[in-house]
Amino acid sequence: QGQLVESGGGLVQSGGSLRLSCAASTFSLENYAIGWFRQAPGKEREGVSCIESTDGSEYYADSVKGRFTISRDDVMNTVYLQMSSLKPEDTAVYYCVVVGRYYCSGYLRGNLHYDYWGQGTQVTVSS
């Protein structure tokens, strides 16, 4: 495994939508669970969502449940995070990372220590 590259962030008004992409160029994501995390200024990094590789099981933080949707396209070697009904409190740098082989176990345990963090993509939601 290795580093992933995030893209798709930007400035959006409250209530708007964005789709983030998470791509790998040096290895296949097919057998890995991928997590999205975010870090707002002055706050700790937090888990947002995770998707498993076996059956595509999805997990979400309570703060984004019903508004965000994670998906994966193993042909495109990309994981997406569709964000809707965005709120100013969603403003943060968003990161994706390999959280483990097949399952989101580490994400579900609240693990924030992974080997390969990318540069992230900035999401800013204006009120």
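By convention here, the first residue in the shown sequence is residue 1.
S85 and S17 get closest at one heavy-atom pair: N-OG, 4.4 Å.
By the side-chain hydrogen bond (donor to acceptor under 3.5 Å, both in side chains) test, E46 pairs with R38, sequence neighbours left out.
Within a 6.0 Å sphere centred on CD of Q119, heavy atoms belonging to other residues, nucleotides or ligands number 12 at most. In E89, the CD atom is crowded: over 12 heavy atoms of neighbouring residues, nucleotides or ligands sit closer than 6.0 Å. Other residues, nucleotides and ligands contribute more than 12 heavy atoms inside 6.0 Å of the OH atom of Y114. Dense packing is recorded around CZ of F27, with more than 12 heavy atoms of other residues, nucleotides or ligands lying under 6.0 Å away.
The backbone N or O of V48 sits less than 3.5 Å from a side-chain atom of Y107, completing a donor-acceptor pair. A donor-acceptor pair is defined here as one N or O able to donate and one able to accept, closer than 3.5 Å; such a pair exists between the side chain of N77 and the backbone of A24. Side-chain atoms of Q3 come within 3.5 Å of backbone atoms of W117 as a donor-acceptor pair (strictly under, hydrogens ignored). Checked by atom type and distance alone, the side chain of R101 never pairs as donor or acceptor with a backbone atom of Y32 at under 3.5 Å. Using a distance-only test at 3.5 Å, with no hydrogens or angles considered, a donor-acceptor pair links the side chain of E6 to the main chain of G120. Distance alone, capped at 3.5 Å, places no donor-acceptor pair between the Y94 side chain and the T91 backbone.
Taking the charged nitrogens against the carboxylate oxygens, K65 and D62 do have a contact shorter than 4.0 Å, which makes a salt bridge.
Y95 and V99 fall within a single hydrophobic cluster, where Ile, Leu, Val, Met, Phe, Trp and Tyr side chains are chained together by heavy-atom contacts under 4.5 Å. Residue V97 is not grouped with residue V79 when hydrophobic side chains (ILVMFWY) are merged at heavy-atom distances under 4.5 angstrom, including chains of intermediate members. Hydrophobic clustering (ILVMFWY, side-chain heavy atoms < 4.5 Å, transitive): V125 and F37 are in distinct clusters. In the hydrophobic clustering of ILVMFWY residues, with side-chain heavy atoms under 4.5 Å counting as a link, L108 and L112 come out together.
Note that OG of S126 and CG of L11 are 5.0 Å apart. Values are rounded to the nearest 0.5 Å. Atom OG of S49 is separated from atom CD of Q82 by 12.0 Å, given to the nearest 0.5 angstrom. I51 CD1 to S71 OG: the interatomic distance, rounded to the nearest 0.5 Å, is 6.0 Å. Note that OG of S53 and OH of Y103 are 7.5 Å apart. Values are rounded to the nearest 0.5 Å. With rounding to the nearest 0.5 Å, the separation of CD1 in I34 from SG in C96 is 7.0 Å. We find the OG1-CG distance between T54 and N31 to be 10.0 Å, quoted to the nearest 0.5 Å.
Using a 4.5 Å heavy-atom cutoff, the side chains of V98 and D115 are not in contact. E52 is not listed as a side-chain neighbour of E58, based on a closest heavy-atom distance of 4.5 Å or more. Contact check for L29 versus R72: side-chain heavy atoms found under the 4.5 Å cut-off.
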Applying side chain to side chain contact (heavy atoms under 4.5 Å, CB included) to Y59 and I70, what does each step give before you reach the verdict?
CA-CA 8 Å; Y59 303 94; I70 192 171; over 6 Å; no
Derivation of the side chain to side chain contact (heavy atoms under 4.5 Å, CB included) call for L18 and L81:
CA-CA 8 Å; L18 283 173; L81 185 69; over 6 Å; no
Residue pair V93, T121: steps toward the side chain to side chain contact (heavy atoms under 4.5 Å, CB included) verdict
CA-CA 5 Å; V93 179; T121 186; over 6 Å; no
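Taking the six-membered ring for Trp and the full ring otherwise, the centers of F68 and W36 sit at least 6.0 Å from each other.
Cluster note: Y80 groups with M76 through ILVMFWY side-chain heavy atoms spaced under 4.5 Å, whether in direct contact or through intervening members.
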